[in-house]
Q: 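What follows is a single structure, and I will ask about it in a moment.
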Amino acid sequence: MHNRPSGPAATTYERRREFAELDGPSRPRVLAHDRFHFEPGPYARRQTNIKFHLRGTEQEMAKDLHKRQRLMRSAPVLRAITKFWQTAGLGSNDLMPKTLYCEIYERISRALGVTTSADPPERARALAEADWREDIRPVAARGGPTPMAMPIDAFCAGLFELTDLWTKGSEEVEYVIFLNKLFRRVTRVVGMDRVAVEDALTLAGVTGGTRW
């Protein structure tokens, strides 16, 4: 049995990110490895006139139902989803205001190609508010007036559903890759944080047996 050496812990660096502007110079450039499976090459016209929250059919949603239910409890998938929450500066006991939710989903719709810079801002906001109403519904069903802030479980459930609609299959690695691409598409790097190697491995999912 090997004893852990004493002294300063080994460290590495993790990129610190924030949500990018919807338009402007800070909007991240889309790298080739961050393109989604449904996007054509960089010089082709994109067919993006389908609302992302309406993609898929009832039959498609019923396929592999049990597998998707397991994915809702997948640690790598949940880690990929909660990065959005944490980047918004929220803790597990915080609530996300409706305005912040809509700002994030406006960026998501742009990243997925549902809206473009040529669209009026009102369109992106209307789509985001429609998703808000859908995702907040289970919270409102618990009783009382419709809340104007969302808990983390409702946010995660909504983003999981979006992932389910935009991925072709129902494999864990596919969900995680999609979520990581989406996260990079709506955020930008603003610095580097020095962290202990063990913490970095945990963030990367290595200690849980899955690296993503």
Side-chain angles (χ1 to χ4, degrees), residues 14-28 30 34 36 48 51-56 71-167 175-176 178-191 193 203:
E14 292 289 332
R15 292 182 177 89
R16 184 171 67 254
R17 307 182 76 95
E18 68 178 14
F19 287 104
E21 295 178 5
L22 199 57
D23 291 299
S26 73
R27 180 169 172 79
V30 180
D34 279 338
F36 298 113
T48 55
K51 296 180 181 179
F52 64 85
H53 60 283
L54 294 181
R55 288 179 70 104
L71 284 174
M72 292 180 69
R73 300 185 295 272
S74 160
V77 171
L78 288 174
R79 281 196 295 268
I81 290 175
T82 54
K83 284 193 298 186
F84 292 79
W85 186 268
Q86 293 164 347
T87 301
L90 300 175
S92 58
N93 295 321
D94 293 329
L95 297 175
M96 179 177 287
K98 179 182 178 181
T99 52
L100 178 56
Y101 172 99
C102 288
E103 288 173 2
I104 293 172
Y105 267 71
E106 286 175 19
R107 285 151 178 78
I108 288 175
S109 68
R110 179 69 64 83
L112 294 175
V114 177
T115 59
T116 70
S117 58
D119 292 322
E122 295 78 11
R123 181 169 184 265
R125 179 50 62 102
L127 290 174
E129 290 186 350
D131 283 297
W132 166 270
R133 289 191 294 272
E134 184 68 24
D135 291 348
I136 202 67
R137 187 176 301 165
V139 182
R142 299 170 189 170
T146 301
M148 295 302 293
M150 182 179 292
I152 188 172
D153 61 330
F155 178 83
C156 289
L159 196 48
F160 178 87
E161 182 180 356
L162 181 146
T163 303
D164 193 38
L165 290 172
W166 281 87
T167 48
Y175 279 51
V176 172
F178 173 84
L179 284 162
N180 285 341
K181 287 183 177 182
L182 182 61
F183 178 73
R184 290 191 295 267
R185 293 279 290 264
V186 300
T187 60
R188 67 186 183 102
V189 177
V190 293
D193 289 327
L203 289 170

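Here the structure is a predicted model, which means the values were calculated and not measured.
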Q: In chain order, what residues pass the salt bridge (charged side-chain N to carboxylate O under 4.0 Å, His left out) check against Asp153, with sequence neighbours excluded?
A: Arg142

Q: Would you say Ser109's side chain and Glu106's backbone share a donor-acceptor pair under 3.5 angstrom?
A: yes

Q: Using the test side chain to side chain donor-acceptor pair (under 3.5 Å), find all partners of Arg133 that sit at least two apart in sequence or belong to another chain.
A: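 Side chain to side chain donor-acceptor pair (under 3.5 Å) check on Arg133 returns nothing, list empty.
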
Q: Under a 4.5 Å cut-off applied to non-hydrogen side-chain atoms, are Asp119 and Arg110 in contact?
A: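 Not in contact.
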
Q: Report yes if some heavy atom in the side chain of Arg125 is under 4.5 Å from a heavy atom in the side chain of Glu103; otherwise report no.
A: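 Counting from C-beta outward, Arg125 and Glu103 do come under 4.5 Å.
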
Q: Which heavy atom of Ile152 sits nearest to which heavy atom of Ser92, and what is that distance?
A: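 Shortest heavy-atom contact: CG2-O, 3.5 Å.
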
Q: Could you tell me whether a side-chain N or O of Asp135 sits under 3.5 Å from a main-chain N or O of Trp132, the two making a donor and an acceptor?
A: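 No: the side chain of Asp135 does not pair with the backbone of Trp132.
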
Q: I want to check something: taking the side chain as every heavy atom from C-beta on, are Trp166 and Phe36 in contact at a cut-off of under 4.5 Å?
A: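 The answer is no, as the side chains (C-beta and beyond) never meet within the 4.5 Å cut-off.
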
Q: Could you report the tightest heavy-atom contact between Ala128 and Cys102, atom names first, then the distance?
A: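 It is CB-O, 3.7 Å.
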
Q: Tyr175: which residues meet the ring-ring contact (aromatic ring centres under 6.0 Å, His included) condition with it, sequence neighbours left out?
A: Phe160

Q: Looking at every heavy atom in both Phe84 and Leu159, which two are closest together, and how far apart are they?
A: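 In terms of heavy atoms, the two residues are closest at CD1-CD2, 3.5 Å.
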
Q: Just verifying a value: how many Å separate Thr163 OG1 and Leu71 CG, rounded to the nearest 0.5 Å?
A: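 Spacing of OG1 (Thr163) from CG (Leu71) equals 10.0 Å.
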
Q: Arg107 side chain to Val186 main-chain N or O, any donor-acceptor pair under 3.5 Å?
A: no

Q: If I take atom CD1 from residue Ile136 and atom CE from residue Met150, how far apart are they, to the nearest 0.5 angstrom?
A: 4.0 Å

Q: Under the side chain to side chain donor-acceptor pair (under 3.5 Å) test, which residues partner Ser74, sequence neighbours left out?
A: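 Here the qualifying residues are Glu172.
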
Q: Does some side-chain heavy atom of Leu165 sit less than 4.5 Å from a side-chain heavy atom of Leu162?
A: no

Q: Please find the pair of heavy atoms, one from Leu95 and one from Ala149, that lie closest to each other, and give the distance.
A: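 What the structure gives for the nearest pair is CB-CB, 3.7 Å.
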
Q: Could you tell me which residues satisfy side chain to side chain contact (heavy atoms under 4.5 Å, CB included) with Leu90, sequence neighbours excluded, listed by chain and number?
A: Trp85, Ala88, Asp94, Met96, Leu100

Q: Go through the structure and list residues passing side chain to side chain donor-acceptor pair (under 3.5 Å) with Glu129, not counting sequence neighbours.
A: none

Q: Tell me whether the rings of Phe155 and Tyr101 are parallel (<30°), tilted (30 to 60°) or perpendicular (>60°).
A: perpendicular

Q: Do Asp131 and Ile108 have side chains that approach each other closer than 4.5 Å (heavy atoms only, starting at C-beta)?
A: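 No. Closest side-chain heavy atoms not under 4.5 Å.
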
Q: To the nearest 0.5 Å, tell me how far Leu112 CG sits from Leu127 CG.
A: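 Nearest 0.5 Å value for the CG-CG distance: 11.0 Å.
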
